[in-house]
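This report refers to the structure that appears directly beneath it.
Keep in mind that the numbers below use all heavy atoms, side chains included, and drop hydrogens, waters and symmetry copies.
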Amino acid sequence: MAAQKPSVPKGTRDFSPIEMVKRNFIFDTIKDVFKRYGYLPIETPSMENLSTLLGKYGEEGDKLLFKILNSGDYLEKVDKSLSNIDSNKLALQICEKGLRYDLTVPFARFVVQHLNEITFPFKRYQIQPVWRADRPQKGRYREFYQCDVDVIGSNSLLNEVELIQIMDDIFQKLNINTVIKFNNRKILAGISEIIGAPDKIIDITIAIDKLEKIGKKGVYDELIGRGVSSGSVSLLDPILELAGDNFAKLSSLKEILKNSEIGIKGITEVETVLNYFNTLTLKTELEIDLTLARGLNYYTGAIIEVKAKDVEMGSICGGGRYDDLTGVFGLKDVSGVGVSFGADRIYDVMQQLDIFPKEIVSSTKVLFVNFGEKEVRYCLPLLKVMRDNNINSEIYPDSAKMNKQMTYANNKNIPFVLLVGENEMQKGLLTVKNMVSGEQSEIKFDELLQRLNK
RNA sequence: GUGGAUGUAGUUCAGUUGGUUAGAGCGCUGGAUUGUGGUUCCAGAGGUCGCCGGUUCGAACCCGGUCUUCCACCCCA
C-alpha cells in the first residue's frame, strides 16, 4: 500500500516544542494578569448544540460554523421531501452539534445553565480553541485560541475600566506596542437616529468601519448601496470629519447628537470611562475611534479593540459590552462585558518583531554528560538531588560521543553541562562547563547546587 | 462564499524557448578532534519537482482538475 502523505486540515497547524514554549509564554502571561484581577477559570466543551450557536453571529457567522455530522445512520430520519436538497436545511437535520465559534456565546449558555452555582458579578476567564470555517490567510486560522475575560452581572463602567487596565498590563508584559481603540454602540445608534435611519445601524456601522480603507466617498457609496438615502448620508459628514483628541471629539459629538437620547448616553459612558484614566496611569494609548464597529451584533455599549502598532495585522484583541446575551437562553436583564485576546495573532506579531524573551526557549538548566554505566550510576543520585532542588536537569540517555552530547546541549540551549568521568569521580569533583562563555572549571557538587539555586 | 497568485531536498530558494544524470546556501550524518558544543576545513546522505490526468518522441517547465499556502474582497482573534 502506498504511504499516505501526512497532512493536517486547511487552516490548522501542528506546534513544535519551540513554538509551544513561546505560545505558553503568551498564555501564562495572559493568565497571570487575569488572575491578578480576580477572574476565575472555566472550560466548556469543544462542541455545542448547533441550536446554541446558530443565529448568534449574524448571517455570515452561521456560514462559518463547523457542523458535526450525527453518529449512526444520519440519513434515516431526514425529511425525504428534501429531494431537491437544500444543503442548509439538510445540515440542520443531520448535524445537531457544531464546533464553538467563540467563547462568549458558550459562556452565556454556561451562565444560564449554572445560574444557581454562580455568585454575581461573575468574573471568569477562559482560554480554549475556537473554530471558524473561514478561508485561511495570514493571521487567520480555522482553529485558533481565544483568551476571554468577561464579567457578567454588573452594569458598572468600572468593569470597562478594569478590562482596559488588563489589556494595558498584558501588552506591556508582552512588550507589544499597541493602541487601544474605544467606541460605544450607543453613539453609533445615536448617529443612525440623527441621520434618520435608525433601522440601518448595522449597515451604517459596517460602512463607517471601512472609512480608513475606502475613504469617505467609498463609505457614502456603500451606504447608498445598502439603501440609506443620500440625504441621510450627507448628514454623516461632520461625524466622519471629527478630529482632535478624545475630549475634543466628545464635545463635538455632544453638539451633533444633542437630540439623540441614546447618543448622549453613549457619550456619557465613554466620558465616564475616560475620566477614570485622568488619575490612573495607562502606558497604552487610548483612542476614541468612531469607525470601530465590530461585526458582532450583540454589543450594546462599549466596543474595544487593540491593534499592534509596529506590524501589519488585524486586531489582536477585541470585545465590548453586551446587555442581553443571556436573553436567548432565558435569562433577562443580565449585562456583561468582556474582551478576547487572539493568542495566535499575538504570536505572529511577536514572532515578526522578534520580541520573545530569549531565555524562555531554554527549559533544561543542566545536562549530565553520559560517559558510561559506571559514571551514570555515580551521576543519577546527584541528578535526583538537583531535581529535588527544582533545578531542571537531565542526563544524556546514551553513552554517545561527546561531540553528539555537546551538540544536543547546544541545540537545546542548555546553559550548563556537567562532565563527570573517571578523573572527577576520583577527586570527588564535577567539571562544569558554561555553554555561553565556554569556560569550565572543577567544583564541588554542594557548591554548584548553591550557585544554581541563586 | 467571490477573484488572483503559489507549490522543486529537512528548510530557504535557483533551474535558460520543453531536451541526457534537477542544483546552491543553511541544516543533517561522518571525519579532521575516542573528554568538549557554538567558529573552521573535508567528505557524504537526502528529491514521485504538491497530487491526478492530458498534450508531446520527450514535461519541474505547456494544458485541465484537485489540494496546500498566500493576497484582495467578505468578515474577523
Residue whose nearest RNA chain B nucleotide is more 5′ - Gly314(A) or Met402(A):
Met402(A)
Qualifying residue, where the test is side chain to side chain contact (heavy atoms under 4.5 Å, CB included) with Val130(A) and the options are Tyr141(A), Tyr101(A), Phe144(A)
Phe144(A)
For a quick check of understanding: with a heavy-atom distance under 4.0 Å over all strands, which category does [X] fall into, base, sugar-phosphate or nothing?
| X | result |
| --- | --- |
| Glu424(A) | base |
| Gly372(A) | nothing |
| Gln440(A) | base |
| Val436(A) | base |

Using a cut-off of strictly less than 4.0 Å, decide whether Lys138(A) has a side-chain nitrogen or oxygen near OP1 or OP2 of rC70(B).
no
side-chain contact (heavy atoms from CB on, under 4.5 Å) assessment of Val369(A) paired with Val420(A):
CA-CA 7 Å; Val369(A) 168; Val420(A) 188; over 6 Å; no
Side chains of Asp148(A) and Gln126(A) only: does a donor on one sit below 3.5 Å from an acceptor on the other?
no
Indicate whether Phe144(A) forms a stack on rA77(B); treat it as stacked only if centroid distance is below 5.5 angstrom and interplanar angle below 30 degrees.
yes
In terms of heavy-atom contacts, does CG of Leu69(A) have more than 12 from other residues, nucleotides or ligands at under 6.0 Å?
yes
Using purine N1 to pyrimidine N3 plus N6-O4 or O6-N4 for Watson-Crick, or N1-O2 and O6-N3 for G-U wobble, both under 3.5 Å, which nucleotide pairs with rA5(B)?
rU69(B)
